Amino acid sequence: MAIEGSTRLAWLLSVLRHYVGAAFYRYRKLSFSSKAIIWATATFYATVGTIVLVIGGDRIGQALYDLAQKISHLRYGQLVILGLMTLESFPPFIGHTTTITLCGYAYGMHGFWLNAFGSLFGSAFAFVVLRLLFVKRLRRWAASNEKWQALQTVVAAKGLPLITLIRASPLPPWPYSNTLFASIETVALWQFFLATFVVFPKIALFTFIGSRLAALSDGEQRKQMDTSTKILNVAVSVGGLFVSVVASMIIYRAMKAEIHRQGVPPETDELAVEALEDAEEGAPLLGAYA
């Protein structure tokens, strides 16, 4: 048993060492601006974590609940949510999932339809605007970048199934996913629009999590709950996040497997995967590759 345990530990350490080394190698290849974005993001989350520790989760939860209630009681509260979701569909803005959860706080599961419409409208609007504004840059880029040519070839060959898997994948994030598809001339607006429907289960899940967290965040509602109800709400919320993470991993692997499926040369597949991994930089519409 001891030998088996030590062997398993050694394997886990070797896997960890491999992924840390691969991540560091990719980091070193990034441009200065990309490294700055990574450090800015890390600083942001460290700051948020510090604020949570100093102020306290209960007070922050109550503040979010109060904000959500103010939005829900506004005459144009739903337009506020739609405006946020549209803004967050353009890079470098982030917060799409947070806004979905906030809508769950404000409107409960009734907020699903608002979240679904906002996601469809915001992403389609970003797709059209980015493609129209940057069409000349797009064509110059595609003519000179081998990775992007490979990605366009693979998407054109495998069509809507691959577009749908990329859309469902957690990488690239929401605004950069919109930018990515606007960058690929072989992707039509109708394909992008249909593929966006695949995120509806995720939208429903985070709307539900928001509705459960709202009950836990409000001090008055929390006082009226018995212990078993509190535990159930926490378990449902944490379980929902776990399901989301596992599903995202499975979808990401399925996406890479679909890219590597027979149909185009392996060299083209590899270049297409590299183009997807670099898509967070917004290229070719809003940035450049390292």
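The shown structure was predicted, so the numbers you read here are calculated from the model rather than taken from an experiment.
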Is any side-chain heavy atom of Phe208 closer than 4.5 Å to one of Met109? yes

On the 0 to 90° scale, with breaks at 30° and 60°, tag the Phe200-Phe197 ring pair as parallel, tilted or perpendicular. tilted

Mind checking the CD-CD1 spacing from Gln191 to Ile163? Nearest 0.5 Å is all I need. 4.0 Å

Donor-acceptor side-chain pairing of Ser123 and Asn178 below 3.5 angstrom: no

Measure from the side-chain N and O atoms of Arg167 to the backbone N and O of Ala195, and report whether any donor-acceptor pair falls under 3.5 Å. no

When rounded to the nearest 0.5 Å, the distance separating CZ of Phe206 from OG of Ser211 is 12.5 Å

Is there side-chain contact between Ile94 and Trp174, with at least one heavy-atom pair below 4.5 Å? no

From CG (Leu67) to CG (Leu102), nearest 0.5 Å: 5.5 Å

pair Tyr107-Gln78: side-chain heavy atoms closer than 4.5 Å: yes

Taking all heavy atoms of Met85 and all of Thr99, pick out the closest pair and write down the distance. CG-CG2, 3.7 Å

Would His96 and Ser89 count as having a side-chain donor-acceptor pair, cut-off 3.5 Å? no

Is a donor on one side and an acceptor on the other found under 3.5 Å between the side chain of Thr207 and the backbone of Ile203? yes

When clusters are formed by joining ILVMFWY residues with side-chain heavy atoms under 4.5 Å apart, either directly or through shared neighbours, do Leu205 and Phe117 land in the same one? yes

First locate atom CD1 of Ile184, then atom CG of Leu180, and finally report the distance between them rounded to the nearest 0.5 Å. 4.0 Å

Say whether, by atom type as modelled, one donor and one acceptor occur between the side chain of Ser169 and the main chain of Leu165 under 3.5 angstrom. no

So, for Phe90 and Phe93, is the gap between ring centers shorter than 6.0 Å? no

Should the ring pair Phe127 and Phe192 be called parallel, tilted or perpendicular, given that the plane angle runs from 0 to 90° and is split at 30 and 60? parallel

Heavy-atom pair of closest approach, residues Ala68 and Ala106: O-CB, 3.3 Å

In this structure, which one of Thr196, Leu194, Val198 forms a side chain to side chain contact (heavy atoms under 4.5 Å, CB included) with Thr164? Val198

Does the side chain of Phe125 reach to within under 4.5 Å of the side chain of Val129, using non-hydrogen atoms? yes

Separation between CG of Asp66 and OH of Tyr105, rounded to the nearest 0.5 Å: 10.5 Å

Report whether Tyr176 and Leu84 are members of the same hydrophobic cluster (ILVMFWY, side-chain heavy atoms less than 4.5 Å apart, transitive linking). no

Side-chain (Arg131) to main-chain (Thr179) donor-acceptor, under 3.5 angstrom: no

Among Ile71, Val80, Asn115, Leu82, which residue meets the side chain to side chain contact (heavy atoms under 4.5 Å, CB included) test with Cys103? Asn115

Co-membership, hydrophobic cluster, residues Ile81 and Leu79, 4.5 Å side-chain: yes

